[in-house]
Amino acid sequence: RDGRQGTAQVFHDDDDGAGRASWSTSCRNLEMLQATLQAEAALPAEVVVMLRKLAKKDSTTRLRGLSELLVLARDEARVADSLELLPHYVPAFFRLAADGARRVREQACVLLGALGKALDR
């Protein structure tokens, strides 16, 4: 590694067998980021803001995001938004379930249960 985050020196073989060095970034991380951004474009803007609160460092902000999403999940008129939210919430749930704050862990489980109940699963 060269000290820059996300880059590594990689050797490629040309057709003539001579190796050459090049710098490349992690394609997998870039593809995941692009997929996330495309998927977020399909969600309502307010839901994207709520999801982004879950990634903040402050546990108070994460709790606020969880409570807002819980209101959304319990609103019977917005079941379609809950259905669209579920694939985005699952990766966040794994981070939140291992959070250091007990209330965040608790509310993450409550929200997952509410999403399941809203979707009759």
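Atom set for the values below is all heavy atoms of this structure, side chains included, hydrogens, waters and symmetry mates excluded. The structure displayed is predicted, hence computed values, not measured ones.
From D81, atom CG reaches atom CD of E46 across 7.0 Å, with rounding to the nearest 0.5 Å. Summarising the geometry, atom CG belonging to L43 is positioned 6.0 Å from atom CD belonging to E84; distances are rounded to the nearest 0.5 Å. Taking OG of S67 as the reference point, atom CD of Q107 lies at 7.5 Å (rounded to 0.5 Å). In this structure, R74 CZ and S82 OG are separated by 11.5 Å, a value rounded to the nearest 0.5 Å. Taking CD from E106 and CG from D99, the interatomic distance works out to 12.5 Å, rounded to the nearest 0.5 Å. To the nearest 0.5 Å, atom CZ of residue R103 and atom OG1 of residue T60 are 10.5 Å apart.
A donor-acceptor pair is defined here as one N or O able to donate and one able to accept, closer than 3.5 Å; such a pair exists between the side chain of R62 and the backbone of K57.
Linking Ile, Leu, Val, Met, Phe, Trp and Tyr residues whenever their side-chain heavy atoms come within less than 4.5 Å leaves V49 and L63 in two separate clusters. L112 and V110 fall within a single hydrophobic cluster, where Ile, Leu, Val, Met, Phe, Trp and Tyr side chains are chained together by heavy-atom contacts under 4.5 Å. The hydrophobic clustering, which links ILVMFWY residues whose side-chain heavy atoms are closer than 4.5 Å, places V47 and V79 together.
Contact detail for L54 and A92: the closest heavy-atom pair is CD1-CB, 4.2 Å. Taking both residues in full, the closest heavy atoms of A55 and R95 are given as CB-NH2, 4.4 Å, listed atom of the first, atom of the second, then distance.
Counting heavy atoms from C-beta on, the side chains of L111 and L115 come closer than 4.5 Å. Contact annotation: the side chain of M50 never approaches that of V71 to less than 4.5 Å [non-hydrogen atoms, C-beta and beyond]. Side-chain contact check for Y89 versus L96: some heavy-atom pair is nearer than 4.5 Å.
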